Structure formats: C-alpha cells, structure tokens
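Since the structure is predicted, the reported quantities are computational estimates derived from the model, not experimental observations. Indexing begins at 1, ligand by ligand and atom by atom, following the structure's order.
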Amino acid sequence: DLETQYPDLTTPDSPTQRVAGKPLEEFKKMPHMPPMLSLNDSFSENDVSAWLERLENYLGRKISYNERTFFCELKIDGLAIELVYEDGVLVRGGTRGDGSVGEDVTQNLRTVEAIPLRLSDGYPRKLIVRGEVFLSKKEFDRINKEQEKKGEKIYANPRNVAAGSVRQLDPRVIAGRKLDSFQYDIVSSEPASYAEQFKTHEEEHEALKKLGFKVNPDNSHARDLGAVLDFHKKINEHREKLAYEIDGIVVILNDNKTYEDAGVIGKAPRAATAYKFSPREATTTVEDISIGVGRTGVLTPVAVLKAVNVGGVTITHATLHNMDEINRLGVKIGDTVIVSRAGDVIPQVNKILKNLRTGKEKTFHMPAKCPVDGSRI
Ligand code: IVH
C-alpha cells in the first residue's frame, strides 16, 4: 500500500518485486553472447585422465601444477540460466535454450530468493553471470504430495519441475514453488577490466559470493588428477546427504588464461569436463525372495539380489513390500530386474525384464508358517 501511495519508495530489491506479476502471452527471446556451452562427459578415472592428456596435447605443453590447478564443482541437476545486472540491479534473466538463444524468463527468476535483485557493493556497471536453477529434494516431495492430493500429474524428478516452473508463462505457478539457485560463472562485464581481473575460476566464485550471489560451498580446488578423483569420491559418498540432486562433478582448469587458450571443441570447452557419477539404476537378478518379520509380526517379502553397484553403493536386497507389489511387478525368483535407490537411498525393484526369462523362474508364495518360530501365519 505504501508503495502504491508513494511510488518513489519502491526500490528494485523491495520484497514486492519478488511477487509474481501477470501471465505472459509468450516469452521474449534472449540471445547469449558468447553462447552457453555444454560439457563433455567423463565416466571413469580413465576418461578423466584421457581428457587431461588431450588437453595437454592441444596446448602443446604440460599443465603447470600447483595447489589450485583445478576447480571442482558439484554438477547440479537443474537448468542453466544467465542473469544480467545493470548498475547492480537485475534487469534480465533467461534460460539456455539452444545455447545461442534462450527465453527471457526474468519475471519467473525474480521470484527465486537465491537470485539477488540488487548486488552488494563492488559491482561493475554491467555484469553477466551464469548458474543453475534447481529444486531441493524436499521441495520436490512437497510439490508431488500436493499434486497427488489435487489428483494432478506426479513429476519424475526435481529437474523436470524446475524446468517446467521456470518456463511457465503464468508466474503464479513458480511463486508457489521454492526454487533455489547457485551461480558459477562470470561471463562478462562493463568495464571489461572487472571480469578480466580474475586470474582463476575460483576467484570468480569468490567475487560472485561477495556480490551477494549464492555459490556452492562444497566446491573446491584440486592439485592434480589424484585430488580430482578424491573429490569425486568424497562427493559421491556425500551425495545422498545433499539437499538437492547432482549427477557428477565439473572439473575446470582453474587458470583462466590457459582455459581461454584451450578454446572450444564442438560445443564444449576443452579445459573442462563433467565427471559423472555411475547411474543409480542397474540390472541384476533376483536369486531368492526371503521373508522379513517385523516387530509387530508383519511379514515382508524381500528380494535377495545378486550384488550390484548402484550409484557407488552395493545392493543385495530390496523390499518387495507385500504380495500386492509382487503381483503388480509380476516378479518371480530368477527374474532379471532393474533396481534403483528410491529417494536415493532405499533400494527398490522397478521393473522386470520379462523377455530375458528362461522358463526356469519360480513363482513366489507367502509361507504358511512363520520363518522365525514356525507358528501358523
Ligand atoms: S560449468 C561450459 N558448473 O551442466 C559450461 N555447469 O553439461 C560450463 N551444470 O549446461 C558449465 N552444475 O547447466 C558448470 N557447477 C556447475 C554446474 C554446471 C550444473 C550444468 C550446466 C551446463 C551443463 C553442462
């Protein structure tokens, strides 16, 4: 009310500026200069080591190693955005699109609390940064429960909800969804000397933080390949405890000058790689179905699996919950199945590969006697 009465009091960072506006007819286009690139993937230690070798071959020299040779970042499973600030005020924000042109989703991004509407002191006249918008696992569960209650569609993963929300023409949808964001790159500035003062990628992160952006506190520098592999392992083990989904780490050559020298191959920078985690889904066989007896006497069928690694964790058992679930899946002893870790933690059987059956599979029946004391069920 005050701002309506005294429009002069409205500042760009007023809480009212985060409130969703009117639905749009369509998004304006937002060109990216330079284009928003992607990353080439690595899936193993060998891949990362081969990436380094190719990089040194291209540069025609060995990389000079020091405490901060690489900067390792968590690869957030969200969607890439670009933000433009003029005189410290957010004026435009857009999606990646095809890399050259995205969509102007400023109105939606304004509702994201982690995106500053106004920068802290020390900003250049114009600043372009890039980062990731994402949804926490908790917020994802909350939204899906709400969808279920309303009898509406259930989303497959947080990434889809984040992408769907950011690209909603009606900003009231995104306002009800608490999106989060990390920025990880300073793209350009006016005067150019602001962005050019940073010698390493790590320094850009520090500057972003100082300007009021949210940067990932788990990112860290690494001396050599060994340290990069250690970081990958540590983050993979720590992954389930994170509030949001990641699908690997990003390894970047920290020295900005060498990074530029290395240039681009296809649509990805030569001096960076995405070292992905192994998938959290795997194929294995059901060796048996055993019975777990709960404290209250409830019998739960459990699939005994041929040990398989899913996202860095060895799985040997998965609950089948009850007879209904066994019938729904149609699972038999001896079946080949796809397993995953539900909510990233609890192993579950997702699907039976019926075309791999040999005819030797056995139908499971609930026992007539308690497996613990032999009494009648
Ligand atoms: S650096 C040249 N850092 O991964 C691109 N990307 O496969 C430089 N991503 O489109 C990207 N977390 O959306 C970088 N910490 C991170 C990231 C990250 C997620 C995404 C980004 C990009 C995709 C590349």
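No more than 12 heavy-atom neighbours from other residues, nucleotides or ligands sit within 6.0 angstrom of CD on Glu45. Within a 6.0 Å radius of CG in Asn57, other residues, nucleotides and ligands contribute more than 12 heavy atoms. By the neighbour-count criterion of 12 heavy atoms within 6.0 Å, atom CD of Glu56 is densely surrounded, having more than that number from other residues, nucleotides or ligands.
With Lys267, Gln183, Arg96, Glu73 as candidates, the residue nearest to atom 16 (C) of ligand 1 on a non-hydrogen basis is Glu73. By heavy-atom distance, the residue among Pro35, Pro269, Ala271 lying nearest atom 2 (C) of ligand 1 is Pro269. Nearest to atom 9 (N) of ligand 1 by heavy atom, out of Glu132, Met36, Lys276, is Glu132.
A cation-pi contact links Lys214 to Phe182, judged by a cut-off of 6.0 Å to the six-membered ring centre and 45° from its axis.
To the nearest 0.5 Å, atoms SG (Cys370) and CG (Leu299) are separated by 6.5 Å.
Between the side chain of Asn144 and the backbone N or O of Tyr155 there is at least one donor-acceptor pair closer than 3.5 Å. Under a 3.5 Å cut-off, the side chain of His205 and the backbone N or O of Tyr184 do form a donor-acceptor pair. Using modelled atom types, one side-chain atom of Glu204 and one backbone atom of Ile186 make a donor-acceptor pair closer than 3.5 Å.
With a heavy-atom cut-off of 4.0 Å, Val250 touches ligand 1 through its side chain alone. By the criterion of a heavy-atom distance under 4.0 Å, the backbone of Leu74, and not its side chain, is placed next to ligand 1.
Using a 4.0 Å heavy-atom cutoff, Ala272 is absent from the residues neighbouring ligand 1.
Looking at atom 5 (C) of ligand 1, its nearest protein heavy atom turns out to be Leu37 O, 3.7 Å. Closest to atom 8 (C) of ligand 1 among all protein heavy atoms lies Leu39 CD2, 4.1 Å. Nearest to atom 22 (C) of ligand 1 among the protein's heavy atoms is Tyr184 OH, 4.1 Å. For atom 12 (N) of ligand 1, the closest non-hydrogen atom of the protein is Ile76 N, 3.0 Å.
Taking every non-hydrogen atom of Ser38 and a distance limit under 4.0 Å, the qualifying atoms of ligand 1 come out as 2 (C).
Remark: ligand 1 and Leu79 share no N or O pair separated by less than 3.5 Å (distance only, no angle test). Polar contact with ligand 1: present for Lys75 (N/O pair, distance under 3.5 Å).
A heavy-atom distance below 4.5 Å is found between the side chains of Pro301 and Ile326.
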